[in-house]
Structure formats: structure tokens, C-alpha cells
Amino acid sequence: MDMLDTTSTVAVSLYTLLSTAYKSMQAVYSLPTDVSLASQGLDGFDELPSVDVIVPSFNEDPRTLSECLASIAGQEYGGRLQVYLVDDGSENREALRPVHEAFARDPRFNILLLPQNVGKRKAQIAAIRRSAGDMVLNVDSDTILASDVIRKLVPKMQDPAVGAAMGQLTARNRNDSWLTRLIDMEYWLACNEERAAQARFGAVMCCCGPCAIYRRSALASLLDQYESQYFRGKPSDFGEDRHLTILMLKAGFRTEYVPSAIAATVVPNKLGPYLRQQLRWARSTYRDTLLGLRLLPNLNRFLTLDVVGQNLGPLLLALSVLTGLAQLALTGTVPWLAALMIVAMTMIHCSVVALRTRQLRFLGFSLHAFINIFLLLPLKAYALCTLSNSDWLSRSSAGNSNQHPATDAHTTECSGHATAPRRLNPARDPAARTKSDCMCSDE
């Protein structure tokens, strides 16, 4: 039984050393700096770049979608703005029709109605290939943008070396439950520690889908690769945000983070949906980490530590917990050293963040350690063992997202290249007041 005690002690000691080095450097590099194009505003442009906002939507709640589109319509941006709402074969399209009709009256809005569900990635691509703006802003249909988001993101793109930038995410429904409060704090840490530190070296590893802007010229060169992602010979349809970001970095572009561009998105308020979401994210993270390893020799050494800390750290923690539990079950001996070190690391981290933000609520984030140890670590192990599984788990039409032959044909139709595609009739439907060649109907 000494072997279990030794293994647990060694594993938690290595985890503590790695986590201390990683989190300390991350804390330093994530501190705000004065060197920021975003702080210079839009004065550096001779002419403001045009921006296309892409909003894929599937079975969205009408009120949630309306609030999302209203936040886009209210953007304080002086340049040309076009919005492409892509209804990805929603089963509640009749309920959504009043929302479509209301925003179709705005000449900036284009409504694309796809006949069947093809998945978020294909829906995005259908709109991207129709639009022509200098920048492409991807927004999730359950997200509300602050009125100055585009005005804050666009200055980051003054540097032609920057291919993408993301804003800061918050939980739109933070007050729903204890879980949404924890997720809101988790988002703050992911954005203002992890992404902020990565951005110091121009290599944000995942520009998150709710609010990410891309340079069209860079995006166009990567679109075919983005559309046809495979893993072990199977189509890979989730994790689109991380994969597109990795493709940007592989192509030699920088990826950035703009903390002042705030986007509030709906997060799971129950444990089941949250764990299913985390399972998808874990699989996509592992898949694209393998792809991203090739980038590390050309990036700052901190980013190597970042990848090691995010992937090896949880494995060491899991090994320590497993051997500790085995020791407790077989000998009745509590692995006090391992337990105390984990508790100490958690409390120190939460206390530092609470001091930095001057928000005592981050002390409560220590409760997330229980979710991490007893739910997320086993889930990540399961994700690693089932990497080939591409099931969305939470989508009622998930099967459609993997039907690529049908998807390809459908994307072509909605891009206006098919013969006589059916469109909304302007005479009988007010929604057709937008550009008619940007709308397809399944009626």
C-alpha cells in the first residue's frame, strides 16, 4: 500500500509544481498592457472596413434570437454593416417567422432559410460565401453584444498580421442557478487569464464562437480546410471555433483577445447539458491540440508550457485523486498530503483572482474544484477514449450534421449556384424585402 501513497504524493507534487509555474506565468502575462491597437480606436483607418455579421441559428427561442439580432442592429459602428441570419433548418421556423420578418425590414439584414439542418459550420460557410465584407464577425444566436463590440474589435485588425480576434464572454443568464454563477466565473478566468496570456504572444488558441472576428482575406484562404475537417477518416463537425483558430495560426496569422469587447451568451443552467457541452469541448480540444503541437516550435516557450499545463496537469491531478481514493478504500488511510495540497492550490488561486478583480464571489469558485475532480476529470478521460465520436449529444438533428453529401449540395443551392432555387415570394412575405438572392425557403 506504500506504493499507492507514494504514487499519489509524487503525482500531486508534480501537479503542484507544474500548476504553480504555469499559473504564475499566466498571471503575469495576462496583466493588461498599454501597448494595444484596440486602445487607439478607429482613427488608424483611412476608411472603416466593412463588417459582415454571421449568425447561425437552430431551434433558437424566438425571444432569445430577437434580443441577439437587436444587439447587432444597435452596434455603434460607422462602417458598412451587413448581417446574415442563417436558419439552419429549425423545426420551430413558424414560431421564428415573426422575428425573421421584423428584422428583414432592416436593409442591413439578410435572412437565409436552409431547407434542412446541416450543422453550425456548414451554416456559417453558406453565409460567408455569400457575403463580401472586409471582416467577418461570427456571433452565436443566443448571444447579446455590447453596443460597442464591433467598434472595439475592428481596431485590432489594423495590423494585417492579425487574422482573428475574440471578445470577452460573460454568462447572460448568470443569476439562473449556482451552476451558471460558477460558469460565469469560469468564463472570466478562461478569457482574462488563459486567453489574455496567450494574446501577449499573438496566439490565442481558441477564438470563441459567441464573438469572434476574422479577416476575410485570411478566412477565404482557409475556408476549404475549415469545411472539410476529418478525424481518423470521419467528418468532424464540432469544435469549429478552436479548429478555425488553429488553422489561422498554422497559416501564420496572429490571433488576439480584446477584453473590452463584451458579449453575453447563454450557458447551461443544469448539470446534464453542461457535462454534455464539456464532453464535446474536451474532444475538440484533444483533436486540435494534436494539430497545434506542430505550431509550438515557432511560438513563445510560454505557449508550450500553456499546452503542457492544460493537458498534462489534469492527468497528474487525476492520477493523484485515483490513487488517493484507492488508498482510502483499501487501507482506510486518508491521503492528507494530497488533499491539503489540492485544497491549498485551489484557495490560493481563487484568492488571487478575488484580489485582482476586487470581487469576493471568486472565493466561491473553489466549489468548482469538486465538479472538476469528480465530474470533469472522468469526463475528460472518457473524451480521450472516444475521440472518434462526433455526436453533438445535445442536438435533436445531430444526425443531419454528418450527412455531408446532402450538406454539400444544399450549401451550393443556398449560395445561388443551383438551378432555380426556391425563394420567398416578395409579394406574400414581408421577409423577402431583404435581398432576395440571399434567401432560400423549404416551403
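Shown here for A95 and P62, the closest heavy-atom pair between the two residues is O-CG, 3.7 Å. Taking both residues in full, the closest heavy atoms of V204 and M166 are given as CG1-SD, 4.1 Å, listed atom of the first, atom of the second, then distance.
A side-chain donor-acceptor contact under 3.5 Å links T357 to the backbone of V353. The backbone N or O of D176 lies less than 3.5 Å from no partner atom in the side chain of N173, so there is not a single donor-acceptor pair. With T180 contributing its side chain and S177 its backbone, the two residues share a donor-acceptor pair below 3.5 Å. T331 contributes no side-chain N or O that, together with a main-chain N or O of L328, makes up a donor-acceptor pair within less than 3.5 Å. No donor-acceptor distance shorter than 3.5 angstrom exists from the side chain of Q310 to the backbone of L305, with no hydrogens or angles considered. At distances below 3.5 Å, at least one donor-acceptor pair connects side-chain atoms of T7 with backbone N or O atoms of M3. For S8 (side chain) and D5 (main-chain N/O), no donor-acceptor pair under 3.5 Å exists by modelled atom type. Checked by atom type and distance alone, the side chain of D88 pairs as donor or acceptor with a backbone atom of G119 at under 3.5 Å. Of the possible donor and acceptor atoms, one in the side chain of D87 sits under 3.5 Å from a partner among the backbone N and O of S90. Listed for the D184 side chain is a donor-acceptor partner under 3.5 Å among the backbone atoms of A171.
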Side chains of residues 292-302: which donor-acceptor pairs under 3.5 Å do they make with residues two or more places apart or in other chains?
unit_1 : atom_1 : unit_2 : atom_2 : d
N300   : OD1    : F302   : N      : 2.8

Scan the side chains in residues 135-142 for donor-acceptor partners under 3.5 Å anywhere in the protein, sequence neighbours excluded, and list what turns up.
unit_1 : atom_1 : unit_2 : atom_2 : d
D140   : OD1    : K120   : NZ     : 2.8
S141   : OG     : E60    : OE1    : 2.7
D142   : OD1    : T265   : OG1    : 3.1

Check: residues 207-221 side-chain donor-acceptor pairs under 3.5 Å, at least two apart:
unit_1 : atom_1 : unit_2 : atom_2 : d
R215   : NE     : V162   : O      : 2.9
R215   : NH1    : M157   : O      : 3.4
R215   : NH2    : M157   : O      : 2.5
R215   : NH2    : D159   : O      : 2.7
R215   : NH2    : V162   : O      : 3.0
R216   : NE     : G133   : O      : 2.4
R216   : NH1    : I128   : O      : 3.2
R216   : NH1    : S131   : O      : 3.4
R216   : NH2    : D52    : OD2    : 2.9
R216   : NH2    : S131   : OG     : 2.6
S221   : OG     : A218   : O      : 2.7

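With 3.5 Å as the limit, one finds a donor-acceptor pair spanning the side chains of N192 and Y257. Side-chain N/O atoms of S147 and E76 include a donor and acceptor closer than 3.5 Å.
Judged as a side-chain hydrogen bond (donor to acceptor under 3.5 Å, both in side chains), and not counting sequence neighbours, N372 has no contacts. For R358, the salt bridge (charged side-chain N to carboxylate O under 4.0 Å, His left out) criterion is met by no residue, not counting sequence neighbours. Partners of T20 according to the side-chain hydrogen bond (donor to acceptor under 3.5 Å, both in side chains) rule, which considers only residues two or more places apart in sequence or in another chain, do not exist here. Applying the salt bridge (charged side-chain N to carboxylate O under 4.0 Å, His left out) rule to D148 yields the partners K152; only residues at least two apart in sequence or on another chain are considered. Among residues two or more places apart in sequence or in another chain, the ring pair (Phe, Tyr, Trp, His ring centres under 6.0 Å) test is passed with H349 by none. Residues passing the side-chain hydrogen bond (donor to acceptor under 3.5 Å, both in side chains) test with T386 are R283, sequence neighbours excluded. Applying the salt bridge (charged side-chain N to carboxylate O under 4.0 Å, His left out) test to R242 and every residue at least two apart in sequence or in another chain returns nothing. The salt bridge (charged side-chain N to carboxylate O under 4.0 Å, His left out) check on R254 picks up E256, with sequence neighbours excluded. Applying the side-chain hydrogen bond (donor to acceptor under 3.5 Å, both in side chains) test to N175 and every residue at least two apart in sequence or in another chain returns nothing.
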Inset, instruction - Test salt bridge (Lys or Arg N to Asp or Glu O under 4.0 Å) on R195 and D306 and set out the steps. - result: CA-CA 10 Å; R195 265 62 166 196; D306 182 81; over 6 Å; no
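Looking at E227 and R121, no side-chain N of the basic residue comes within less than 4.0 Å of a carboxylate O on the acidic one, giving no salt bridge.
Within the 4.5 Å cutoff, no side-chain heavy atoms of D288 are placed close to those of M205. V149 is listed as a side-chain neighbour of Q75, based on a closest heavy-atom distance under 4.5 Å. Using a 4.5 Å heavy-atom threshold, the side chains of L249 and T255 count as touching. F365 is listed as a side-chain neighbour of E186, based on a closest heavy-atom distance under 4.5 Å. Residues L85 and F103 have side chains not in contact (no heavy-atom distance under 4.5 Å, counting atoms from C-beta outward). Using a 4.5 Å heavy-atom cutoff, the side chains of R356 and F362 are not in contact. In this structure, the side chains of V267 and Y274 stay at 4.5 Å or more apart for every pair of heavy atoms. Two residues are said to be in side-chain contact when any heavy atoms from C-beta on lie closer than 4.5 Å; R287 and L291 fail this criterion.
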